[in-house]
Engineer: 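Sharing a structure below in structure tokens format, with a few things to ask.
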Amino acid sequence: MKKYLITSALLYVNGLPHLGHLIGCLLPADVYARYLRSKGEETLFIGGTDEHGTPSEVGAAKEHMDVEEYCKKYHDLHAQMYRGFDLSFDYVGRTSSEQNKEIVYRIFNELDKNGYITERTTKQVYSPDDNRYLPDSYVMGTCPYCGYDRAKGDQCENCTKVLDPTDLIKPRSVLSGSENLEIRETKHLFLQLPKMEKELSEWIETRKGIWPDIAYSIAKKWLKEGLQERGITRDLKWGFAVPKEGFENKVFYVWFDAPIGYIGITKQWADEKPATRSFEDWWLNPENVIHTEFMGKDNIPFHTITFPATLRGTGEKWTQVSMLKGMNYLNFAGGKFSKSAHRGIFMDDAIKEFPADYWRYWLIANAPESDDANFSFDQFAATVNKDLNDVLGNFINRVLKMTVNNFGQQVPVLGNITNAEKELYDSLDALTEQYTAYMDKLEFRKAMSTLREIWVSGNNYLARTEPWKVVKTDMDYAGTILNTALNLIRLYANLSAPVMPQTARRMLDLFEVNEQIEFPVGKMVSYLTGLKPGTPFKLSDPLFQKILPERIAQLKETYHEED
RNA sequence: CGCGGGGUAGAGCAGUCCGGUAGCUUGCCAGGCUCAUAACCUGGAGGUCGUGAGGUUCAAAUCCCACCCCCGCAACCA
């Protein structure tokens with residue numbers, strides 16, 4: 001039996017994650033992981049924070065903290081928010097861990113041995129006043145082409161020309177504003193991607209039609225333009241020291257050690273219980289592991305080109321990515337979410353406003369799969385009110401109350417079934433098969449639309465059988481209808497659990513059965529006759545609450561949503 | 001002519017690969033039902049499918065060409 005390895009892109013530790021990060025990788029990965037587990041598949045779900053690099057050093061300085069302390073602080077905050085949203089990671093690790101260092105060194109040494117690492121001297125901007133080398137984008141100045149005075153050293157945002165820091169007129173440091181800059185020569189190590197171009201190209205070709213278009217086409221684009229050697233070291237302090245003579249005072253570039261972090265974090269997980277776990281089972285076991293990666297579209301080149309090249313270059317049999325889900329961006333009120341400007345909705349605020357499942361359902365049902373999507377409170381409220389309250393919540397409520405009023409607080413006896421039940425079974429067979437197919441293909445929007453259809457089919461069944469009338473003439477059949485409807489609640493719990501784990505648990509716990517979540521497969525009739533007659537159930541408050549117009553207006557104001 | 005994605009009812013989307021009477025959700029209107037969270041079920045109105053009195057075809061949202069608009073990316077901000 002193959003087993004499933006699921007990784008969500010490691011978010012940069014600087015600052016707090018917002019809804020865009022949540023839907024970009026964390027949440028879809030979690031839904032998929034929960035789906036697979038509930039089907040009984042052996043699943044390992046890995047996540048964590050990406051910590052090395054200039055932004056961490058700068059961020060730490062701003063908060064007058066030691067870099068390590070700073071990263072720990074934000075790592076812990078991230079992890080706390082992941083728990084708040086019920087993200088079921090098996091381990092939330094760190095790219096700065098000892099385990100990752102070990103793997104990074106192992107991979108680097110293999111690459112070096114195999115001739116994929118070369119040295120080259122480059123010119124780099126050094127700022128004595130900041131006491132550091134500056135990445136190109138940390139140098140600002142006047143664009144020589146358009147005269148824009150806030151052009152960055154890698155590109156002018158005004159005229160879009162690609163620049164070198166040395167092109168800028170009156171260059172200055174973004175950090176200190178100092179114009180006292182030097183160009184220093186510095187030696188760096190480069191990964192020879194061109195050597196692997198052909199091999200990568202052939203492999204990517206096999207992913208056509210399997211990966212989403214956006215992932216395949218971005219990878220193809222890079223290959224078409226021709227791969228270039230890529231620097232994997234930096235002149236920084238915060239990072240893994242490069243284990244090579246002459247480079248001891250340099251560290252690996254974040255994009256070299258970040259994806260390797262998936263492996264390092266798996267080792268962190270394994271090291272907690274070395275008797276029963278090993279990272280080799282997952283990462284050096286390509287024949288038996290299906291690896292699925294989730295990421296935002298900006299991450300696609302690194303996951304389709306650089307990271308696979310890094311693993312291949314070692315000559316070892318690392319587990320490579322099988323399926324890759326690249327998401328577009330979620331925008332807020334027509335603009336972008338922004339960490340630096342703190343614009344949009346951040347995960348810590350979101351969880352204070354509404355239960356995790358409200359967000360989880362809306363985000364997955366509106367996932368930016370084919371294009372960038374927008375978040376607005378009007379749409380959010382409309383979906384929560386209609387799908388969750390009216391269609392699902394109200395169904396559960398009406399069934400429970402009707403049963404209590406006619407049969408007491410227990411599941412009535414299932415008597416003879418009629419065409420109405422047979423047709424319900426048939427339609428649910430078809431719908432759940434479709435739902436499963438969409439989940440397998442990671443087509444989340446379509447999966448949610450099908451799940452909703454499944455919920456609607458319950459209301460439809462009641463409209464057709466009219467149990468409120470039947471109770472007056474035929475209590476046996478009325479019991480059969482309500483037995484079926486109660487079983488639907490249990491079925492819905494199991495089907496909805498990957499997206500709405502808390503709600504699903506509450507639904508299942510209405511019945512005193514003490515069951516685990518289990519994803520329904522095969523013929524639905526067995527799931528619709530599973531509750532034993534006489535099983536007691538609870539009445540509970542409605543599962544969801546509507547978001548009223550005043551609340552919407554208030555939220556728009558609090559979060560500065562523009563119309 | 002940098003590259004990629006997108007432009008389909010008021011809103012949000014599917015359909016485009018493999019041409020064949022334009023579909024879903026919401027909103028709106030009407031009817032049904034009255035068990036339920038003013039909920040549920042059914043029906044209806046609403047679109048010259050970005051533009052081109054373009055091309056191919058018996059037939060184009062779908063294929064080809066040109067142009068326009070929006071979003072993102074350009075390898076040192078993850």
Engineer: Does the ring centre of A:F252 sit less than 6.0 Å away from the ring centre of A:H52?
Structural biologist: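 A:H52 vs A:F252: aromatic centres not under 6.0 Å.
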Engineer: What is the base-pairing partner of B:C13, counting Watson-Crick and G-U wobble geometry with both distances under 3.5 Å?
Structural biologist: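 B:G23 is the nucleotide pairing with B:C13.
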Engineer: With both distances kept under 3.5 Å, what pairs with B:C28, Watson-Crick or G-U wobble?
Structural biologist: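 B:G44 - that is the nucleotide pairing with B:C28, both distances being under 3.5 Å.
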Engineer: Let me know the distance between CG of A:N299 and P of B:G4, rounded to the nearest Å.
Structural biologist: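 In whole Å, B:G4 P and A:N299 CG are 20 Å from each other.
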Engineer: When both hydrogen-bonding distances must be under 3.5 Å and the geometry is Watson-Crick or G-U wobble, what is B:A61 paired with, if anything?
Structural biologist: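 Checking every strand shown, B:A61 finds no partner, since no pair has both distances under 3.5 Å.
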Engineer: What's A:S370 touching, base or sugar-phosphate or nothing? Going by heavy atoms closer than 4.0 Å.
Structural biologist: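 Sugar-phosphate contact only.
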Engineer: Which whole-number value in Å describes the distance from A:I232 CD1 to B:A75 P?
Structural biologist: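 Result: 18 Å.
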Engineer: Does a salt bridge link A:R132 with A:E57, judged by any charged N lying under 4.0 Å from a carboxylate O?
Structural biologist: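 Looking at A:E57 together with A:R132, the answer is yes, because their closest N to O distance falls below 4.0 Å.
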Engineer: Check whether any side-chain nitrogen or oxygen of A:N331 sits under 4.0 Å from OP1 or OP2 of B:G72, and answer yes or no.
Structural biologist: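 No.
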Engineer: Any base atoms under 4.0 Å from A:F395, or only sugar-phosphate, or nothing? Heavy atoms, all strands.
Structural biologist: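 Nothing, no nucleic acid heavy atom in range.
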Engineer: Quantified in whole Å, what is the P atom distance between nucleotide B:G47 and nucleotide B:C3?
Structural biologist: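 After rounding to an integer number of Å, I get 37 Å for this pair.
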Engineer: Taking B:C76 as the reference, what is the distance to B:C1 when you measure between their P atoms (whole Å, please)?
Structural biologist: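 26 Å, rounded to whole Å.
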Engineer: Give the rounded distance in Å between these two atoms: CZ of A:R445 and C1' of B:C13.
Structural biologist: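 Rounding to the nearest Å, CZ of A:R445 and C1' of B:C13 are 6 Å apart.
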Engineer: Taking OH from A:Y361 and C1' from B:G12, how many angstroms apart are they, rounded to a whole number?
Structural biologist: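 Taking atom C1' of B:G12 as the reference, OH of A:Y361 is at 13 Å.
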Engineer: Looking only at the side chain of A:P542 (C-beta and beyond, no hydrogens), which of the listed nucleotides B:U37, B:C76, B:C41 gets closest?
Structural biologist: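 Per side-chain heavy atoms of A:P542, the pick is B:U37.
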Engineer: Using whole Å, what does the distance between atom C1' of nucleotide B:C77 and atom CG of A:D50 come to?
Structural biologist: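 Going from CG in A:D50 over to C1' in B:C77 covers 12 Å.
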Engineer: Side chain of A:D372: nearest nucleotide among B:G12, B:C40, B:C71?
Structural biologist: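 It is B:C71.
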Engineer: What is the distance, rounded to the nearest whole Å, between atom CD of A:E443 and atom C1' of B:C13?
Structural biologist: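 Checked: the CD to C1' distance equals 13 Å.
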Engineer: Between A:R230 and B:C76, is there a contact of a side-chain N or O with OP1 or OP2 at under 4.0 Å?
Structural biologist: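 Answer is yes, contact under 4.0 Å.
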Engineer: Sugar-phosphate atoms are those with a prime plus P, OP1 and OP2; base atoms are the rest. Using that split, label each nucleotide of nucleotides 31-36 of chain B B, S or - for protein heavy atoms under 4.0 Å, 5' to 3'.
Structural biologist: --SSBB
Engineer: Polar-atom pairs under 3.5 Å, protein N or O versus N or O of nucleotides 26-29 of chain B: list them with distances, or write none.
Structural biologist:
from  : atom 1 : to     : atom 2 : distance (Å)
B:U26 : OP1    : A:R452 : NH2    : 2.9

Engineer: To the nearest angstrom, how far is A:Y329 atom OH from B:G72 atom C1'?
Structural biologist: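 Taking atom C1' of B:G72 as the reference, OH of A:Y329 is at 7 Å.
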Engineer: Give a yes or no on whether a salt bridge exists between A:D50 and A:R94, defined as a side-chain N under 4.0 angstrom from a carboxylate O.
Structural biologist: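 Salt bridge: no.
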Engineer: Angle class for the A:F380/A:Y358 ring planes (parallel below 30°, perpendicular above 60°, tilted otherwise)?
Structural biologist: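 Ring orientation, 0 to 90° scale: tilted.
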Engineer: Salt bridge check, A:E369 against A:R445: does any charged N sit closer than 4.0 Å to a carboxylate O?
Structural biologist: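 A:E369 and A:R445: not salt-bridged.
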Engineer: When the P atoms of B:G20 and B:U62 are compared, how many Å lie between them, rounded to an integer?
Structural biologist: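 B:U62 and B:G20 have their P atoms separated by 11 Å.
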Engineer: Taking only side-chain nitrogens and oxygens of A:K446, does any of them come within less than 4.0 Å of OP1 or OP2 of B:G15?
Structural biologist: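 Yes, A:K446 has a side-chain N/O under 4.0 Å of OP1/OP2 on B:G15.
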Engineer: Both distances under 3.5 Å, Watson-Crick or G-U wobble: report the partner of B:C67, or none.
Structural biologist: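 Base-paired to B:G50.
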Engineer: Counting Watson-Crick and G-U wobble pairs only, both distances under 3.5 Å, name the nucleotide matched with B:C1, or none.
Structural biologist: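 When the pairing criteria are applied, nothing turns out to pair with B:C1, so the answer is none.
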Engineer: Looking for any heavy atom pair under 4.0 Å, which part of the strands does A:N389 touch: base, sugar-phosphate only, or nothing?
Structural biologist: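 A:N389: base contact, heavy atoms under 4.0 Å.
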Engineer: Roughly how far apart, to the nearest Å, are B:A9 and B:U25 at atom C1'?
Structural biologist: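 The answer is 13 Å between these two C1' atoms.
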Engineer: From the options A:K123, A:K250, A:R234, select the one residue that forms a side chain to side chain donor-acceptor pair (under 3.5 Å) with A:T186.
Structural biologist: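 Exactly one pass, corresponding to A:K250.
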Engineer: Does a nitrogen or oxygen in the side chain of A:R234 sit under 4.0 Å from OP1 or OP2 of B:C76?
Structural biologist: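 So the side chain of A:R234 is within the cut-off, an N or O lying under 4.0 Å from OP1 or OP2 of B:C76.
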Engineer: When the ring planes of A:Y361 and A:W455 are compared, do they come out parallel, tilted or perpendicular, using 30° and 60° as the limits?
Structural biologist: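 If you compare the ring of A:Y361 with that of A:W455, the planes turn out tilted.
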Engineer: Just to be sure I understand the rule, does A:Q545 reach a base, reach only the sugar-phosphate, or reach nothing, if contact means heavy atoms closer than 4.0 Å?
Structural biologist: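 The answer is nothing, as A:Q545 stays clear of every strand by at least 4.0 Å.
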Engineer: If we take the P atom in both B:A38 and B:G27, what is their distance in whole Å?
Structural biologist: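 The same atom, P, in both gives a distance of 15 Å.
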Engineer: Over how many whole Å does the gap from A:F444 atom CZ to B:U25 atom C1' extend?
Structural biologist: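 After rounding, the reported distance stands at 20 Å.
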Engineer: Distance from A:L510 atom CG to A:R506 atom CZ, nearest 0.5 Å?
Structural biologist: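 The CG atom of A:L510 sits 8.0 Å away from the CZ atom of A:R506.
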Engineer: Write down the distance separating the C1' atoms in B:G2 and B:C18, rounded off to the nearest Å.
Structural biologist: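 Result for the C1' pair: 32 Å, nearest Å.
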Engineer: Taking atom C1' in both B:G52 and B:G46, compute the distance separating them and give it to the nearest angstrom.
Structural biologist: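 It comes out at 26 Å once rounded to the nearest Å.
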